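Here is the structure we will look at, set down as structure tokens.
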Amino acid sequence: QVHLAESGGGLVQPGGSLRLSCAASGRSFGNSVLGWFRQVPGKNREFVATTRFNGASTFYADSAKDRFSISRDRAKNMVHLQMNRLTPEDTAVYYCAVGARWVAGRMSLESEYDDWGQGIQVTVSS
């Protein structure tokens, strides 16, 4: 059974940075895709960024381009999301998710991910 555990959230001032981490366990993740989504109360969960676990492919939402960076540590089965120049609009619960394989053009869709973490709060406020 796959288990995903997010860490690194919290309160940060506008313009600041946070680094989220997700520890994945329960199976081999060789061909998997690890992604980040976020959700604000009352709104649908939205895609943020994703990466192949064993390859160089990454994909970002427009809102994350040039500010966020996704990376993975294959030795530790972890994926990280470095978030810079945060704004109040980035306030949300952030979720880590794992999908079975990279499907071109579809990795921003929730339906391509099979397992989800519990989520972690990120609050950007002065």
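Computation of the quantities below employed the complete heavy-atom set of this structure, encompassing side-chain atoms and omitting hydrogens, waters and symmetry-equivalent molecules. These figures come from a predicted structure and were not determined experimentally.
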field: Same apolar cluster: Met78 and Met83, side chain cutoff 4.5 Å
entry: no

**Minimum side-chain heavy-atom gap Gln13-Val124 below 4.5 Å** = no

> Counting only N and O atoms by type, is there a donor-acceptor contact under 3.5 Å from the side chain of Gln121 to the main-chain atoms of Gly9?
Replying inline: no

Separation between OG1 (Thr58) and CG (Leu34), nearest 0.5 Å, reads 13.0 Å

For Arg72, the side-chain hydrogen bond (donor to acceptor under 3.5 Å, both in side chains) test, sequence neighbours excluded, returns none

Sorted by chain and number, sequence neighbours left out, side chain to side chain contact (heavy atoms under 4.5 Å, CB included) with Ser111 holds for Arg106, Leu109

N/O donor-acceptor pair under 3.5 Å between Arg74 side chain and Gly30 backbone: no

For Val122 and Thr91, run side chain to side chain contact (heavy atoms under 4.5 Å, CB included): C-alpha distance rounded to whole Å, both residues' side-chain angles, the deciding distance at 0.1 Å, then the answer. CA-CA 5 Å; Val122 170; Thr91 296; 5.9 Å; no

- Give the cluster check for Val93 versus Val48: same hydrophobic cluster or not, with ILVMFWY residues linked at side-chain heavy-atom distances below 4.5 Å. no

The complete set of salt bridge (Lys or Arg N to Asp or Glu O under 4.0 Å) pairs with one or both residues in residues 36-62, sequence neighbours excluded, reads Arg38-Glu46, Arg38-Asp90, Arg45-Glu110, Asp62-Lys65

Ring pair (Phe, Tyr, Trp, His ring centres under 6.0 Å) pairs touching residues 39-82, sequence neighbours excluded, are Phe37-Phe47, Phe47-Phe59

- More than 12 heavy atoms of other groups within 6.0 Å of Asn84 CG: yes

Those residues at least two apart in sequence (or on a different chain) that pass side-chain hydrogen bond (donor to acceptor under 3.5 Å, both in side chains) with Gln39 are none

By side chain to side chain contact (heavy atoms under 4.5 Å, CB included), Arg27 pairs with (sequence neighbours left out) Val2, Phe29, Ser32, Val98

Salt bridge (Lys or Arg N to Asp or Glu O under 4.0 Å) pairs touching residues 9-25, sequence neighbours excluded, are none

Would you mind reporting whether Ile70 and Trp36 have side-chain heavy atoms less than 4.5 Å apart? yes

Output for pair (Met107 CE, Thr51 OG1), nearest 0.5 Å, gives 10.5 Å

Residue pairs meeting disulfide (SG to SG under 2.5 Å), one or both in residues 45-126, sequence neighbours left out, come to Cys22-Cys96

Hits for side chain to side chain contact (heavy atoms under 4.5 Å, CB included) against Ser25, two or more places apart or cross-chain, chain-then-number order -> His3

When every non-hydrogen atom of Leu18 is compared with those of Leu86, the smallest separation belongs to N-CD1, 3.8 Å

Q. Quick one: does Asp66's side chain get under 4.5 Å of Arg85's, heavy atoms only?
A. yes

side-chain hydrogen bond (donor to acceptor under 3.5 Å, both in side chains) filter on Asp114, not counting sequence neighbours, yields none

What one should report as the nearest heavy-atom pair of Ala49 and Leu81 is CB-CD1, 4.1 Å

Ring pair (Phe, Tyr, Trp, His ring centres under 6.0 Å) pairs touching residues 84-108, sequence neighbours excluded, are none

Please check if the side chain of Ser69 supplies one atom and the backbone of Gln82 the other of a donor-acceptor pair under 3.5 Å.
no

So CG of Asn77 and CG of Leu4: to nearest 0.5 Å the spacing works out to 10.0 Å

Sequence neighbours excluded, the answer for side chain to side chain contact (heavy atoms under 4.5 Å, CB included) partners of Ser125 is Leu11, Thr123

Looking at Gly119, is its backbone amide N or carbonyl O close enough to the side chain of Glu6 to form a donor-acceptor pair, meaning the two atoms are under 3.5 Å apart? yes

